[in-house]
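Scroll down for the structure; my scribbles are underneath it.
Values below: every heavy atom of this structure, side chains too, minus hydrogens, waters and symmetry copies.
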Amino acid sequence: MALPVISAEDACAPALGPLGIWSYQLDVQPMAVAQKAAAELDELGFGALWVPEALAREPFANTALLLSATDRLTVATGIAGLHCRTAMTMNAGWQTLSEAFPGRFLLGVGVSHQSMVDGNHQGRYGNRPYSTMVDYLDRMDAGIFMGAAAPVAPQRVLAALGPRMLRLAARRGVGAHTYFVPVEHTAVAREAMGRDALLAPAQTVVLDTDPGRARALARKFMRLYLTLPNYTNNLRRLGWGDDDLAGGGSDRLVDAIVAWGSLEQIAARVQAHLDAGADHVCVQVLTPDPQTLPQTEWRELASIIPALRARPAA
């Protein structure tokens with residue numbers, strides 16, 4: 001049967017809580033280790049676990065296995081690339097997991113990046129990502145799916161940065177997942193999407209109070225992202241200039257993109273996103289060894305959850 005177009009009026013945003021975890025490190029662990037870690041995140045009280053799609057695990061299989069190891073945790077794709085699969089296949093995966101884990105799977109869909117798409121997937125990225133997304137969502141929602149229906153409405157968010165994609169995320173999903181953004185973007189995104197849409201920015205962090213070490217680790221992480229026009233164009237819209245974007249990022253930009261310092265300083269950055277309009281912040285922890293799970297840091301971060309305050313009322 002064909003599914004109706006999802007809108008902010010007929011799909012309720014999930015209650016993810018103020019803090020989640022965004023992790024690529026789980027992808028490089030044996031699945032049994034990843035499942036055990038996900039179960040601990042669930043017990044620690046994080047509201048959601050966000051997993052990527054790039055060069056490691058396939059996200060639908062990955063999320064199914066992680067969901068099967070947890071009881072309450074929402075698992076979200078951050079994001080599943082639309083160029084990686086047909087709209088009908090994306091829809092089928094979304095429906096399948098939503099039926100198997102009611103209310104606990106959140107599909108994040110995005111256009112990805114030209115260098116990733118043209119180099120690794122069939123088809124071309126093109127120069128009209130917004131139109132590509134609209135067409136893809138139309139085909140998803142018109143697709144035939146004859147499997148068992150989910151008992152609650154499936155939920156999706158869009159990877160969004162610019163104002164048009166943000167507005168589309170509010171209109172054709174339950175909201176937006178933003179990545180590689182400073183707090184100032186969260187305020188812009190909330191304004192663009194309106195009051196009711198879910199806004200879930202990712203915040204990268206380094207739990208190290210030494211400025212030299214923390215910024216060096218942050219720049220190593222930022223180097224790739226500062227070569228991707230989707231991110232640099234977004235930063236330019238916010239007023240960041242060539243001097244900020246060069247050389248791995250100015251100190252000011254590094255500090256805006258990657259929160260570093262004490263646990264209290266990290267908590268303050270998360271709260272700043274919530275105060276700016278975020279509903280949920282998913283924290284990505286950087287450590288010197290990206291092959292090791294930052295479980296010590298995750299346990300420390302869990303301690304700040306009770307003190308986090310929801311975004312201000314209208």
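Using a 4.5 Å heavy-atom threshold, the side chains of Asp243 and Ser250 count as separate. Taking the side chain as every heavy atom from C-beta outward, Thr77 and Asn62 never approach each other to under 4.5 Å. Within the 4.5 Å cutoff, the side chain of Pro18 has no heavy atoms near those of the Val270 side chain. At least one side-chain heavy atom of Leu158 sits under 4.5 Å from a side-chain heavy atom of Met133. Within the 4.5 Å cutoff, the side chain of Leu97 has heavy atoms near those of the Phe60 side chain. Under the 4.5 Å side-chain criterion, counting only non-hydrogen atoms from C-beta, Gln203 is not in contact with Cys282. Two residues are said to be in side-chain contact when any heavy atoms from C-beta on lie closer than 4.5 Å; Val109 and Ile79 fail this criterion. Within the 4.5 Å cutoff, side-chain heavy atoms of Leu226 are placed close to those of Phe180.
Scanning both residues, His280 and Leu19, for their nearest heavy atoms gives CE1-C, 3.5 Å. Of all the heavy atoms in Leu66 and Ala38, the pair that sits closest is CD2-CB, 4.0 Å. Between Trp260 and Thr209, the shortest heavy-atom contact is CZ3-O, 3.8 Å. Here the shortest heavy-atom pairing between Ala278 and Thr186 reads N-CG2, 3.6 Å. Across Arg57 and Pro30, no two heavy atoms sit closer than the pair NH2-C, 3.6 Å. Across all non-hydrogen atoms, the minimal contact from Gln295 to Ala37 is NE2-CB, 3.9 Å.
At most 12 heavy atoms of other shown residues, nucleotides or ligands fall within 6.0 angstrom of atom CD in Glu191.
Using a 4.0 Å cut-off between charged nitrogen and carboxylate oxygen, Arg215 and Asp208 do not count as a salt-bridge pair. Asp135 and Arg128 are not joined by a salt bridge, as no carboxylate oxygen comes within less than 4.0 angstrom of a charged side-chain nitrogen.
With rounding to the nearest 0.5 Å, the separation of CD1 in Ile21 from CG in Asp42 is 12.5 Å. Here Asp138 contributes atom CG and Met140 contributes atom CE; the two are 11.0 Å apart, rounded to the nearest 0.5 Å. A distance of 3.5 Å separates OH of Tyr179 from CD of Gln284, quoted to the nearest 0.5 Å. Of the inter-residue distances, the one linking Arg171 atom CZ with Leu166 atom CG reads 11.5 Å to the nearest 0.5 angstrom. Expressed to the nearest 0.5 Å, how far CZ of Phe105 lies from CZ of Arg156 amounts to 12.0 Å. Taken from CG in Leu137 to CZ in Arg172, the straight-line distance is 5.0 Å, to the nearest 0.5 Å.
With sequence neighbours excluded, the residues satisfying salt bridge (charged side-chain N to carboxylate O under 4.0 Å, His left out) with Arg236 are Asp242. Applying the salt bridge (charged side-chain N to carboxylate O under 4.0 Å, His left out) criterion to Glu43, with sequence neighbours excluded, gives Arg72.
Annotation: salt bridge (Lys or Arg N to Asp or Glu O under 4.0 Å) contacts involving residues 21-34, sequence neighbours excluded, are absent. Residue pairs meeting the salt bridge (Lys or Arg N to Asp or Glu O under 4.0 Å) criterion with at least one member in residues 83-101, sequence neighbours excluded, are Glu53-Arg85, Glu58-Arg85. The stretch residues 256-280 participates, sequence neighbours left out, in these salt bridge (Lys or Arg N to Asp or Glu O under 4.0 Å) pairs: Arg190-Asp279, Asp275-Arg309, Asp279-Arg311.
In this structure, Leu224 is not a member of the same hydrophobic cluster as Val206, with clusters built from ILVMFWY side-chain heavy atoms closer than 4.5 Å. No path of Ile, Leu, Val, Met, Phe, Trp and Tyr side chains, each step under 4.5 Å between heavy atoms, connects Leu168 with Met193, placing them in separate hydrophobic clusters. Under the 4.5 Å side-chain heavy-atom criterion for Ile, Leu, Val, Met, Phe, Trp and Tyr, Val75 and Val33 are members of the same hydrophobic cluster. No chain of hydrophobic side-chain contacts below 4.5 Å, direct or via other Ile, Leu, Val, Met, Phe, Trp or Tyr residues, connects Ile304 to Val183. Trp50 and Leu198 fall within a single hydrophobic cluster, where Ile, Leu, Val, Met, Phe, Trp and Tyr side chains are chained together by heavy-atom contacts under 4.5 Å.
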Show your working on salt bridge (charged side-chain N to carboxylate O under 4.0 Å, His left out) between Arg104 and Asp71 and close with a plain yes or no.
-> CA-CA 9 Å; Arg104 293 182 55 217; Asp71 297 318; over 6 Å; no
Derivation and outcome, side-chain contact (heavy atoms from CB on, under 4.5 Å), residues Phe46 and Leu301 = CA-CA 9 Å; Phe46 292 101; Leu301 286 165; 4.1 Å; yes
Evaluation steps, side-chain contact (heavy atoms from CB on, under 4.5 Å), between Val111 and Leu82 | CA-CA 6 Å; Val111 296; Leu82 61 81; 3.6 Å; yes
Between His185 and Thr178, is a side-chain contact (heavy atoms from CB on, under 4.5 Å) present by the stated rule, with each step listed?
-> CA-CA 9 Å; His185 183 268; Thr178 59; 3.8 Å; yes
Could you walk me through whether Val281 and Gln271 pass the side-chain contact (heavy atoms from CB on, under 4.5 Å) test, one step at a time?
-> CA-CA 9 Å; Val281 180; Gln271 187 60 57; over 6 Å; no
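Of the possible polar contacts, one joining the Tyr136 side chain to the Thr86 backbone as a donor-acceptor pair under 3.5 Å is found. Between the Trp298 side chain and the Val285 main chain, no donor and acceptor come within less than 3.5 Å of each other. Between the Gln29 side chain and the Leu26 main chain, no donor and acceptor come within less than 3.5 Å of each other. No donor-acceptor pair under 3.5 Å is formed between the side chain of Asn234 and the backbone N or O of Asn230. No side-chain donor-acceptor contact under 3.5 Å links His177 to the backbone of Ala159. Between the side chain of Ser98 and the backbone N or O of Gln95 there is no donor-acceptor pair closer than 3.5 Å.
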Contacts under 3.5 angstrom, residues 144-151 side chains, donor-acceptor by atom type, not counting sequence neighbours:
none

